[in-house]
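Report on the structure given below.
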Amino acid sequence: MLIENVISSAIVRSFSKKLEQALLLDVAIVGGGPSSLTAARDLARAGLKVAVFERKLAPGGGTWGGGMLFNEVVVQDSALHILDSFGIRHQPIESAGGYHTLDSVEMASALIYGAVSSGAKIFNAVSVEDIVFKEGKVGGLVINWTPVERLGMHVDPLTVISRAVLDGTGHPSEIMKLASEKAQIRLNTETGKILGEKPMWVDSGEASTVENTQEYYPGLFACGMSANNVAGGYRMGPIFGGMLLSGEKVAKLIIQKLKA
Ligand code: 48H
């Protein structure tokens with residue numbers, strides 16, 4: 001027995017099994033930010049087969065950096081139950097009733113662990129470069145390694161088939177953009193197109209992030225900043241309650257749809 005060979009073949013075997021099992025999903029999630037990690041955890045807990053495809057090496061999206069690299073974020077009362085369900089600690093802000101600070105590194109790592117330990121699979125360093133759009137339906141994702149994307153290598157992708165696709169790509173709404181511009185889908189917005197994120201207005205942005213979390217085309221959902229960008233909501237800076245509540249809401253909508 002050569003341990004060098006044992007290690008390498010065990011990794012290849014178990015990764016291949018994990019990826020093969022993720023090629024046919026109930027829910028394919030793009031991006032591992034706070035909203036989609038919350039959704040992934042809730043969807044997996046509901047017994048759905050779910051995987052998150054995250055471009056970066058570390059999932060967590062914009063959580064890690066807090067506000068301007070001060071690694072603390074703020075969450076309001078209405079989302080404390082979600083922090084508590086992940087075991088994330090928080091402290092009240094004395095000067096502002098109803099708001100709390102928390103360590104952004106604790107938050108990112110707890111969200112990731114909560115999603116994975118509930119049964120969601122996370123594929124990091126994987127970029128979603130296209131959608132499957134077949135017979136008028138969004139039916140999955142087209143994936144490739146991030147280094148392949150970054151180096152501009154001409155390497156054909158692989159495909160993931162899913163009953164629902166969730167765009168959790170944050171500010172750029174990458175999947176909704178592909179749907180709107182490349183598949184020429186009419187999205188469920190006022191104009192049928194992406195309306196675009198508005199400037200900072202914290203309370204409006206927090207409320208609209210949750211309101212705008214919905215199915216924008218049969219089988220295609222958006223959460224977090226992606227939903228806000230699609231529906232033209234305001235931004236809110238380093239307050240994260242809306243992201244968590246958006247993830248919680250979209251998981252409920254998807255469960256309702258897939259279990260109907
Ligand atoms: C694979 C991709 C792809 C792709 C992007 O931005 P995120 O943290 O997502 P949200 O919406 O859950 O949280 C938003 C929050 O972090 C934030 O930015 C706030 C509150 N801003 C307020 C303000 O005023 O600025 O994470 C999205 C993730 C990232 O990790 C990307 O790397 C990943 O999606 N991603 N992964 N394939 N095509 N596109």
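Whatever order the structure lists ligands and atoms in, that order sets their numbers, starting from 1. Heavy-atom basis, side chains included; hydrogens, waters and symmetry copies ignored. Because the structure is predicted, anything quoted here is derived from the model rather than measured.
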Legend entry - Backbone of T169 reached by a side-chain donor or acceptor of E174 within 3.5 Å: no
Inset, instruction - Hey, can you tell me if F123 and F53 have their rings parallel, tilted or perpendicular (30° and 60° cut-offs)? - result: parallel
Inset, instruction - Could you find the nearest protein heavy atom to atom 5 (C) of ligand 1 and give me its residue, atom name and distance? - result: T169 CB, 3.5 Å
Legend entry - Option nearest atom 13 (O) of ligand 1 (shortest heavy-atom distance, choices P34, G33, G65): P34
Legend entry - Close N or O approach (H171, ligand 1; < 3.5 Å): yes
Legend entry - Nearest neighbour in protein (non-hydrogen) for atom 38 (N) of ligand 1: E174 OE1, 2.8 Å
Inset, instruction - Please say whether G62 places an N or O atom under 3.5 Å from an N or O atom belonging to ligand 1. - result: yes
Legend entry - Protein contact of atom 11 (O) of ligand 1 - nearest heavy atom, named by residue and atom, plus distance: M225 N, 2.8 Å
Inset, instruction - Of all the heavy-atom pairs spanning N229 and H171, show the shortest one and how long it is. - result: ND2-O, 3.1 Å
Inset, instruction - May I ask you to decide if K18's main-chain N or O and K121's side chain share a donor-acceptor pair within less than 3.5 Å? - result: no
Legend entry - Atoms of ligand 1, numbered as shown, that sit under 4.0 Å from any heavy atom of S35: 10 (P), 11 (O), 12 (O)
Inset, instruction - Report yes or no: does D130 contribute a side-chain atom to a donor-acceptor pair with the main-chain N or O of V142 at less than 3.5 Å? - result: no
Inset, instruction - Using a 4.0 Å heavy-atom threshold (strictly under), name the region of M236 that reaches ligand 1: side chain, backbone, both or neither. - result: both
Legend entry - For V30, atoms of ligand 1 separated by under 4.0 Å from a heavy atom: 1 (C), 4 (C), 37 (N)
Inset, instruction - For G61, take its heavy atoms, then give the atoms of ligand 1 lying under 4.0 Å from any of them. - result: 8 (O), 26 (O), 29 (C), 30 (O)
Inset, instruction - From the options R55, E54, R235, select the one whose nearest heavy atom is closest to atom 29 (C) of ligand 1. - result: E54
Inset, instruction - Could you tell me whether some N/O pair between V126 and ligand 1 is separated by less than 3.5 angstrom? - result: no
Inset, instruction - May I ask you to check whether over 12 heavy atoms, not counting those of I3, lie within 6.0 Å of atom CD1? - result: yes
Legend entry - Closest protein heavy atom (residue, atom, distance) for atom 20 (C) of ligand 1: G237 O, 3.6 Å
Inset, instruction - Going by the side-chain hydrogen bond (donor to acceptor under 3.5 Å, both in side chains) test, name the single residue among S118, S36, S85 that passes it with R41. - result: S85
Legend entry - D26/K49 salt bridge by N-O under 4.0 Å criterion: no
Legend entry - Minimum-distance protein heavy atom relative to atom 35 (N) of ligand 1: G31 CA, 4.1 Å
Inset, instruction - Measure the distance from atom 6 (O) of ligand 1 to every protein heavy atom, then report the residue, atom name and distance (to 0.1 Å) of the closest one. - result: G170 CA, 3.5 Å
Legend entry - Ligand-residue contact atoms, ligand 1 with M243, heavy atoms, under 4.0 Å: 11 (O), 13 (O), 14 (C), 20 (C)
Inset, instruction - Without swapping roles, check the side chain of S180 against the backbone of K177 for a donor-acceptor pair under 3.5 Å. - result: no
Inset, instruction - Report, as yes or no, whether the 6.0 Å neighbourhood of atom NZ on K193 holds more than 12 heavy atoms from other residues, nucleotides or ligands. - result: no
Legend entry - Neighbour count above 12 (heavy atom, 6.0 Å) for K198 NZ: yes
Legend entry - Heavy-atom nearest neighbour in the protein, as seen from atom 27 (C) of ligand 1, with distance rounded to 0.1 Å: G168 O, 3.3 Å
Inset, instruction - For F53, counting its heavy atoms only, list the atoms of ligand 1 lying under 4.0 Å from any of them. - result: 1 (C), 36 (N)
Legend entry - Under 4.0 Å to a heavy atom of G224 - the qualifying atoms of ligand 1, by number: 11 (O)
Inset, instruction - Please report which non-hydrogen protein atom sits nearest to atom 15 (C) of ligand 1, along with the residue it belongs to and the distance in Å to one decimal place. - result: F240 CE2, 3.8 Å
Legend entry - Spatial distance of atom CG (L111) from atom CZ (F240) [nearest 0.5 Å]: 9.5 Å
Legend entry - Contact check: S226 vs ligand 1, nitrogen or oxygen atoms, below 3.5 angstrom: no
Legend entry - Single-linkage hydrophobic cluster, 4.5 Å side-chain cutoff, L43 and V165 together: no
